[in-house]
Amino acid sequence: MFEAEQKQIEERIQAYAAAQGLELPVIQWKWIPFSGDWGLSTSFFQAAAMEARQGKKINVQQRAQEIAEAVAADLEGMQGFERIEAVRGYLNLYFSAPEYARKVVDTVLEEGDRFGCLPRRGERVMVEFSQPNTHKAFHVGHLRSAILGDALCRLLECAGYDVVRANYPGDIGLHVIKWLWNYQKYHAGERPSENITRWMGDLYAEASRRLENNPEAEAEVRALYARWDQRDPELVALWEETRQWSLDGFAEMYKRLDICFDRYYFNSMAEQPGKAIVQELIAKGIASDERPDGPVVVKLDELLGLDEEKYRVLVVLRSDGTALYATEDLALAKIKFEDYPDLVKAYYVVDVRQSLHFTQVFKTLELAGYPWADRLQHVPYELVNLPGNVVMASREGTVVLLEDLIREAISRARAVVEEKNPELDEALKQAVAEAVGIGAIKYPMLARENAKIVTFDWETALDFNGQASPYIQYAHVRANSILRKAGGELLDSQPVTYELTPEEKELIDLITRLPNEVQRAAKELKPLYIANIAYDLAKSFTDFYYACPVLQAEEPVRNFRLRLVMATRQAIKNSLALLGITAPEAM
RNA sequence: GCCCCCGUAGCUCAAUGGACAGAGCGCCUGACUUCGAAUCAGUAGGUUGUGGGUUCGACCCCCGCCGGGGGCGCCA
C-alpha cells in the first residue's frame, strides 16, 4: 500500500550507498515485529555478507549494524517518518502515524468492496473444480474442491484476472450404468422426493448392494453398458432425465453454499473427442496400440528417453476400445482451449492422488504438440477424512452427507441466534443462521494448507468458538453496530491530530497488509493467507474495541475512530468475501 | 523397487530464509447497570521427529534416517 514511499526511500538509500562506495543488494521490506508501532523494516546482513565474501575481515552482524546506523543517520529527518532507528542490523522506519493513518482509512473507504484488489489485467484463466459424480451421493469429502475452487476463483478475480468457473460432472461411467440398471429393474417410474441427492445416493448404494449379493446380475449391467455404447435412444432418454435430477440436486447445494459456475463440461461430452485424440496420438507415433491383447498406451519415459522411471505409462484407451478418464481428460483440455483460446492458465482443482495422472496427461498433450499444454496446471489438495484417518467412501458407507452437514450447521446457528438475539425479525434470523452455518463449514477447509488432510468430526465442524468464521463475522457485526448507533453516515476525512493508541496502530497496520496478502494468496493459490488475515483483523479489531471508546470519545478522536471502524468493517467484509463467506449486519 | 505429501505446545493448526516460533481448543481463575459476553483478561504448556550440510542467520533450502499417509498399464 506504500509502494511509492518505499521506492522513494530505496532510491535515497541506494544513492547514499553509491556515494559511500557501498554495494547493496535489492532492498526488501518487511514489517517491524514486537514494537507495537507501525512502519517499514529492512536489514543489511546481505550487504555485510557480500563484503565478507570479498575477503574483508569483518563480523557480519557488527558490519550490518554499522551500515544500518549510517543509513539511519543519513535518513534522519526524512519526511513522513516520526522515528528512524538502527537495531541489530535492521533499519526500522516508523511511520508518522497521523499522516499515514488518515491515508489508509481514506483509501479503504474510497475503494470500498474493491479494497485489497488489483486492477484488471486483461488476462483470462479457467478454474475447473467440484467435479461431482451424478447418480451418487454428494458428501463432505467432495466439499473441499468446491470450497477451495470457489475461493480461488474469488481470489484470482480480485487479483485482476477474468475467471471462467468450470464444473466437470462425472455423468457417465460404470456407476451411472449400475444406477440405471437398478432403477429400471426395481424403481421404474419413481421420481425423486425433495431430498434429490440423498435419494440418488441411496439408489446407488442399493444398486451396489444388489450387485454384490447377486454376481450373476453383472451380466445384465454389462448388457446395459453395451446398450449405452450403442446410444440406445430409450436408455439415453432415461439417462438424460435422471442425470438432470442429480444436477438439480447439486444446484440446490451450490446455491446454499453461494458457489456458482460459468460453464459446465460433462464427462460424456469428452468421450468421443477423446477417442479421436487417441487416434491422432497413434497416428503421430506417440501412443502404441497394443490391442487386442492390451490397451492403447503412451510410454512416456520411453518417448522422452529417460532411464529412470518418472512419467511411466499412461493408458489412454481400454483394449475393448472404450474410454477411460485419461481419454476424456485429453479431450477436455482441447475443448477448453477451443472455447477460450486466450486462457493464460487452466487450473484443475483436483485431489492430490491424481497428481501423476495429470502430469501424464499434460505431458502427453505437450508431446502431441499442443501449444497451450504448458498452461495446464493441477492444483492439488488433500482429502477430507474421518477420525482415525478413515477415507469417506460411498461404498463403505463411511460418509457424512453434505446436505446433513449444511442442515445441522444452519440449525445450530439458528438456535444460537434465537438465544443471543431473539428480537431480530424472522427473515433476518434465517439469513444470519445461513451466513454463520455456511461460514463455519467453509472456514476450516480454507484455513489450512491445501496439502494437509482435513479431519472431519461433527464437534469441530460445528464449533462456533475460537479461531473460526463466526468470530470474524461477530467482529464485523460489532463494528457495524457502532456505526449504526452513530447514525451510519460517512464522516468527512480530517487530519489526525492526536496520539494514536497501540491498538489503533496495530489495526491500521493489518488493514494495510490485506492487498499484499491477496497478491501472495493468488500467486501461490493459497486462500489460507486470506483466512489468516481475516482472523487477525477480527482479533485486532476486538482488541481495539475493548481499549478504545468510539461513540463516547471527544472530537477529533471520535471522527477518526468512526472512520477507522468503517474501514475495518470493510476490510473484514472483503476478506471474508474472498473466502466465500458472508459478513452479516447483525447476529 | 520408484515417486509425492505430512511430522511444530496435551489436541487442531499458524509462522516472506531474519529480531523473542504464535493462535485456537482443552484445563484452571476472574469479568455483563459497559460502543452487544457468539466476547474479554490472566495462568500453564517447545531441544520445531532425528543426524548432518548450506548460510552472517534455518521450522523454512539440500542430503541421509525414523514414523505416518498416498500414488505407480486397461478405477475415477
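Order of the sequence lines fixes the chain letters, A, B, ..., with proteins taken first and strands second; residue numbering starts at 1 for each chain.
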Determine the contact category for Val296(A): base if any of its heavy atoms lies under 4.0 Å from a base atom, sugar-phosphate if only primed atoms, P, OP1 or OP2 are that close, otherwise nothing.
nothing
Need one value for Lys299(A): base, sugar-phosphate or nothing, where a base atom within 4.0 Å counts as base even if backbone is also close, heavy atoms only.
nothing
Answer with base, sugar-phosphate or nothing: what part of the nucleic acid does Gln354(A) contact at a heavy-atom distance below 4.0 Å?
base
Within the pair Arg414(A) and A38(B), is there a side-chain N or O less than 4.0 Å away from OP1 or OP2?
no
Between A58(B) and C25(B), how far apart are the C1' atoms? Round to whole Å, please.
30 Å
Using a cut-off of 4.0 Å on non-hydrogen atoms, how would the nucleic acid contact of Ile453(A) be classed: base, sugar-phosphate, or nothing?
sugar-phosphate
Could you tell me how far G69(B) sits from A31(B) if I compare only their C1' atoms? Round to whole Å.
45 Å
Does Thr455(A) reach a base, just sugar-phosphate, or nothing at all? Heavy atoms under 4.0 Å.
nothing
Tyr471(A) stacking on A38(B): centroids under 5.5 Å, ring planes under 30°?
no
Side chains of Tyr546(A) and Glu503(A): any donor to acceptor distance under 3.5 Å?
no
Rounded to whole angstrom units, what separation is found between the CD1 atom of Ile533(A) and the C1' atom of G22(B)?
15 Å
If I take atom CD1 in residue Ile27(A) and atom C1' in nucleotide G18(B), what distance separates them, rounded to the nearest angstrom?
16 Å
Report yes if a donor N or O on one partner sits less than 3.5 Å from an acceptor N or O on the other, where the partners are the side chain of Asp543(A) and the base of A41(B); otherwise report no.
no
If you compare every side-chain N and O of Lys420(A) against the phosphate oxygens of U39(B) (OP1, OP2), does one of them come in below 4.0 Å?
no
If we take the C1' atom in both U8(B) and C60(B), what is their distance in whole Å?
12 Å
So, Tyr90(A) and A19(B): ring centres less than 5.5 Å apart, planes less than 30° off, yes or no?
yes
Identify the nucleotide, in any strand shown, that forms a Watson-Crick or G-U wobble pair with A41(B), with both distances under 3.5 Å; if there is none, say none.
U29(B)
Distance check: side-chain N/O of Arg353(A) vs OP1/OP2 of G71(B), anything under 4.0 Å?
yes
Taking atom types as they are modelled, is there a donor-acceptor pair under 3.5 Å from the base of C13(B) to the side chain of Arg448(A)?
no
Would you kindly say whether Gln354(A) and Tyr325(A) are connected by a side-chain donor-acceptor distance under 3.5 Å?
no
Less than 3.5 Å between a donor and an acceptor, one on the side chain of Ser41(A) and one on the base of A19(B), is that the case here?
yes
